Every structure is written in structure tokens, then in C-alpha cells.
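Take a look at the structure set out below.
Proteins get letters first, then strands, A, B, ... in listed order; numbering begins at 1 in each. Worth saying up front: this structure is predicted, and the values here are computed from it rather than measured.
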Number of protein chains: 2
Amino acid sequence: MATIYDVAKEAGVSIATVSKVINETGRISDKTRQHVRSVMKRLDYQPSLVASALTKKRTNTIGLLLPDLGNLFFAEVARSVEDRAHEKGYNVVICSTDNDADKEEKYLAWLRQKRVDGIILATGMQSDKSVKSLLDARLPVALIARESRRLSVDTVRVDDFRGGYLAASHLVELGHTRIAVIAENLSVSSSRERVEGYKKALEEAGLAVDEALIRISSFDIEGGKEAARQLLELTEPPTAVFACNDLLAIGILQVCRAMGLAVPARLSVVGFDNTLIASLAEPPLTTIAQPIPELGREVVDLITQEIHGEKQAKQRVVLDPRLIRRGSTASAPEQAPR
Amino acid sequence: MATIYDVAKEAGVSIATVSKVINETGRISDKTRQHVRSVMKRLDYQPSLVASALTKKRTNTIGLLLPDLGNLFFAEVARSVEDRAHEKGYNVVICSTDNDADKEEKYLAWLRQKRVDGIILATGMQSDKSVKSLLDARLPVALIARESRRLSVDTVRVDDFRGGYLAASHLVELGHTRIAVIAENLSVSSSRERVEGYKKALEEAGLAVDEALIRISSFDIEGGKEAARQLLELTEPPTAVFACNDLLAIGILQVCRAMGLAVPARLSVVGFDNTLIASLAEPPLTTIAQPIPELGREVVDLITQEIHGEKQAKQRVVLDPRLIRRGSTASAPEQAPR
DNA sequence: GTGAAAGCGCTAACAA
DNA sequence: TTGTTAGCGCTTTCAC
């Protein structure tokens, strides 16, 4: 593989000159520029970004930590981050942590050793430890789709509270009075906020918040199934459920089908995220849409500003969620189901 | 950020010694090792992988090119590649090309400049140009879920021909005689093979291959919808369709629902890939499963062997697909639909 | 068991 | 406009 020395020698100039034409810095005569360019092409010269990273102290790489790339929501987030990063000249290294604190720590150390220019966190860990360690190391960090109340850090997220509020309000408007919610781990800020929004909506409607209707589960389909079964076995089961993500909602739909419970006639279901699967579900899922492309775009813009030292204060960008009405919600049945 | 010099000075040893304890090479007394380790910890020292990459000529990074991370199949592939790569000490840089030749070329040049140790291609481009350029540059390459007939290159894929054969045979066994196929771009090897397998199954069953029943479309839901509409408008429409991926199959289901055509009673549908959405579809999709975790594992093993120079010949690993019977297929109706 | 020194491929003063 | 040179932070002989 050709080096800058090879090019310089072949072109009969110094390496400084070659460097200048590569980076388009300094003043170079058109003639030499053309000449050097042609030599670079002829030798199939690829400037080493690792060497330049060593001197420039910049790798043009961003790390992205998320729970699971195989989860469509995070895959879509990753895609949006990737797109904006590429536009801005950055590569993205993705690490799936499975929400495992050890993996998270390991990957973070690794990314620091790789000298990534910044790290975007989409993992919903309970502790702020990782974030804090990055902040302490003065490495640019930004959170996407999560929030840290105690730490001052760039953040881009959807208004989860409002999302929960929208979901519950929609159900209230449809006349439901027994509305359940299935949340992921409440120590994850987004989940907590959604539940708070839900409570607010019920309260505003003069409905009592029944703790029996608030279920915590894992964040996958299985979690939704289990929680749904429990809810439907209640002596006074709900007529509507707000699931804190689409996967959970799908789980509910599956349980209903298995039990022969019609959705939305007997049970209304609202999801969250509006990933592709929401539109594919049967019935199509009414859900709260997160503006994923914008989230990715904003978080990259934030972190690149941070990297370039163009920012003074940390920012929190909160985007609005939207209610997408589809087929999984309807007016409350006259009688309670069963 | 502390450097090896800081650690050496603080520990009262030479940088060579520090380097040796970092890499666990050479012989170092237990005492100094402990001491140096403690200093490293105290200084929160993170060895620079960019500096070491410059000397070692190895970045421990693998590039992964795929069409779209937002497509669940590729997201799952990426996840499996990531997992195995991490196990082996490699990072993964992912680039979505949208099957755009310009992007592909751009990303490849970029990855070369980053000095990635190898590149895994999951993009189904028509030309072998990219692969050839990498081979020429003597950069380790491996293909996953695609094939290059003309080039000698490490490859891991599912037996697409057999997959198509399995799908069509299943439909034949159910008594279908008018079986359509919806394929992506036929210049993509996997797609072509699946169609060939389909043809083979029909021929073996003594059924004529009707070119009108072979449709080419884009590889997303919209493509499936459009192709489905065309097929169903035929004067002699099919009673079964084999879609070359799950997304296409979903498109078919949606069109059927819109038209009030019962699946599988009036039309049987088989997908390919067995991504999560296949199990979520209504009815759940009968599909051909690709062993994605194994694909990822194998391709990483192949490319790391190549990187370490442990291989003599290029290998082609072909894994078996499996038919997953679910609810979207049934016996052929007595009469042609409509 | 430890250290001195050359070199990896580039950038950025600073000179010329 | 072009070239010289000193790093960037490591690894790796080769002495000691």
C-alpha cells in the first residue's frame, strides 16, 4: 500500500506538498496539484486516516451504544445516526450492549481507546455511571431517546411524558375508563415519563389511577404477552391498554388472538415508537410515533458541535410525538369484557 | 489524556516496559507489572489504539457494507456479525449503501483509508467491481448472503436455490398448480437462485413454468403490493405466491386484505428470511428461514482467518435453509380464486 | 528483566 | 509556492 512518501517521490515533490493537496490546505500551484493528484490516482494511494488521526487527534469516528441492533427501533435509530454522521464526515461504530452493564463498560473503554471523537448513548441504563465517566474524561457525549436528570449532558429525545399523555387521552376520549399500561423497567427515564403522562391524562379525565393496571415487564414481545395475560385475568380487567413500545403491544395482540378476544372491539391497544411492525400488525396498531430520523439528525448535530467546540452550554432537544390512529383502538365496549 | 510517557514517568520505568505490560509481551517481573498496572489505573490511562494501529498495521476493525440497516433482515445480520466480531476483538463499522453504487464506492474508499482489517459485503450489487477492487488491493473481503460466481472470494450464504425449491415444493405438495414468484432484482445472485430453485420444483412436479407468474419488483413492501396486484389481475391468477423475502410477502398479505381475498384459503403465501415480522404477520407467515446467527458467525470467522493469514484457499460456506410452516399456506382451493 | 532508539504515515509550524 | 523537520503515541528489535 502506497504511502505519502511514495507519492512524493514519484511526483518529485515533498511530502508536505502532497499533504497539502490531500487536505486542500496551504497554497499549491494548479500545476503541481494536478500532477500530484494524477500520481495519487496512478498509485491507487489511499491516505492513512490512522496516521492522520494520530497527528490531528481526531478520528472522525463516533461510537454508538444501544441495547440491541436486532431491535427494529434501535436499528432505525442507528440508521438515522449513520446517515447524518456520514453527511458530516464521520464513521459510526455500533455496539449492542443488551443492557448489560459489564458489556457497556467494556465497550466504552474500548471506544475511548479507539479515540472516537464522541459517543452517543441510546442505552437505557439505570445508573448514570457511564455517562459520568465520559463527562469526566471530557469526551463529547450525547444521549438519544433517553434522559439523565442529574447530569448536564446533550440530549435528544421525544417528549415521553406527552407521548404517554397522548396515548392515554386518546383512550379516554374513546370512552375507556379502565385503562392499563405496560411499561418497561421504570428506572429507564423514557418509560417512567410515559407512565407519568398516562397518569396525568387519567387524572385530568377524573379517572382514578389503579396501580393494579400498571404493569412492568421486559421490553420484548414475551413481556407484553405475560403482562397482558395477567391484566386479562383481573376480576375487573381493562378495556384498553397502553403499551410503552410496539413490541409489547404486539405481544398483547397475540394474547388476545389466542384468547379469542377481539381487538379493538373488546380491547383497545396503543403502542409506542411507530416502527414498521406497528403498521404491519393485525389490526394495524394505533401508536405514538417517534420522529426517528429527526432524533438521529439532531443528536449527531449536537455531538459534532460539541466535538468542534462550538458549544457553550449543554442542550436538551425534545421533539414532539404524534398519535397515529390505526385499527387497534375503538370506543369502549358497553360492558366490561368477559 | 494520559500517554504511555506519562505512565512510564510516573512509574519510574521506560515506555518499553509499559508497552510490555499493556500487551503482555516480553518478560516483566511481577513487581513492576503490578506497579505499572496500578499507575495506569490511577492515571485512568487508555492506551491509544490509533497509535498502536499505526505501528502494528492493524486496526482491529472490520467494515460491514449492507443495503439498509433499517431493514430488519440486515439489522439482524449486522447484529450477528457484531457479536462474533466483538468476541474476536474486532469493532465493526457499518455503512448502509441503499444499493447505490456511488455510495458503495465512496464507503469502500473510506474504509480503506481507515485501514480496516477486512470488509464484509452484504450488498447485492450487480457488478463485481467493488469486490474486485478490494481483492486487487489485497484487502481481506468476505461476502455474506450474496455470491460472486466469477470471483474467488470467501462467501457465506444460505442455499438460496434450495430455499426456493423448498418454498415451491411446499406449495406443490399442498396441491397448488398455479404458483407465482415475486423476486427482487434478478441480477442479485440470491434472488436469481431462489427463482431457479422454484422453477426446479415446478418442473419436478411436472408443472409448466409460466413466465407471467414470475414478477420482478423492488425489495420492499411496496414492491410486494404492486406485484401482487398485477398477479391477481391476471385472467388466470395464481393460487399461491412465493415471495423472495418477508417484506414482499407482507405486501401481498396487505393487498389480499384490501381486496378481501382470504389468506390462506384463497391464496397461499410463502416468504423468505424468517425475520421477526414473519411471525408477527396475520396470518403468521410460512417462510424459509435463514440461519442468520450462523451466517454472521461464519463470515467473521472466515474473514478473521483471512486477516491472520491462516488461510490458503478461499472458502464458500453454504448453510441450509429451513421451511417454517405457519398460517399463510394451505391446500389449493377447489376452484381458481375470484 | 529493562531501556534506548528507530520507525509507523501523517500534519503543521517554520524556513527558504 | 514548496520543503525541512519535529512531533503524534505507540511497538519492536537489540543492547545492556
Check your understanding: Any sub-3.5 Å donor-acceptor pair from A:S191's side-chain atoms to A:V188's backbone N or O?
Key -> no

Review point. Would a distance-only check, ignoring hydrogens and angles, find a side-chain to backbone donor-acceptor pair under 3.5 Å from B:K311 to B:A313?
Key: yes

Distance alone, cut at 3.5 Å: any donor-acceptor contact between the side chains of [X] and [Y]?
X      : Y      : value
A:K114 : B:T59  : no
A:S148 : A:D128 : yes
B:S187 : B:N185 : yes

Scan [X] against the nucleic acid and name what it touches under 4.0 Å (heavy atoms): base, sugar-phosphate only, or nothing.
X     : result
A:T32 : sugar-phosphate
B:S29 : sugar-phosphate
B:L49 : nothing

In whole angstroms, how far is the [atom2] atom of [N] from the [atom1] atom of [X]?
X      : N      : atom1 : atom2 : result
B:Q34  : C:dG1  : CD    : P     : 14 Å
A:K9   : C:dG9  : NZ    : P     : 12 Å
B:I15  : C:dG7  : CD1   : C1'   : 12 Å
B:K114 : C:dC10 : NZ    : P     : 15 Å
B:Q113 : C:dG9  : CD    : C1'   : 13 Å
A:K56  : C:dT11 : NZ    : P     : 5 Å
B:K20  : C:dT2  : NZ    : P     : 9 Å
A:I22  : C:dA12 : CD1   : P     : 12 Å

Point to revise | Atom CD of B:Q34: over 12 foreign heavy atoms under 6.0 Å | key: yes

Review point. Quick one: bend of the helix from C:dG1-D:dC16 to C:dA16-D:dT1 from 5 pairs per end, to 10°?
Key: 40°

Study note, to complete from the structure: Assign each of B:V13 and B:A51 the nucleotide of DNA chain C bearing its closest heavy atom; nearer the 5' end lies the nucleotide of B:V13

Check your understanding: When the nearest nucleotide of DNA chain C is assigned to A:S52 and to B:I28 on a heavy-atom basis, which residue is associated with the more 5' position?
Key -> B:I28

Between [Y] and [X], is there a salt bridge with N-O shorter than 4.0 Å?
X      : Y      : answer
B:R42  : B:E10  : yes
B:R33  : B:E24  : no
A:D102 : A:K106 : no
B:K129 : B:D136 : no

Exercise for review: Name the residue closer to the 5' end of DNA chain D, choosing between A:R33 and A:R115 according to the nucleotide with the nearest heavy atom.
Suggested key: A:R33

Practice item. Report yes or no: is there a donor-acceptor pair, N or O only, under 3.5 Å between the side chain of B:K57 and the base of C:dG9? Key: no

Practice item. Determine: side-chain N/O of B:Y5 to OP1/OP2 of C:dG3, distance under 4.0 Å, yes or no. Key: no

Exercise for review: With a 4.0 angstrom cut-off to heavy atoms of chain B, pull out the first and last contacting nucleotide of DNA chain D, in 5'-to-3' order.
Suggested key: D:dG9 to D:dT12

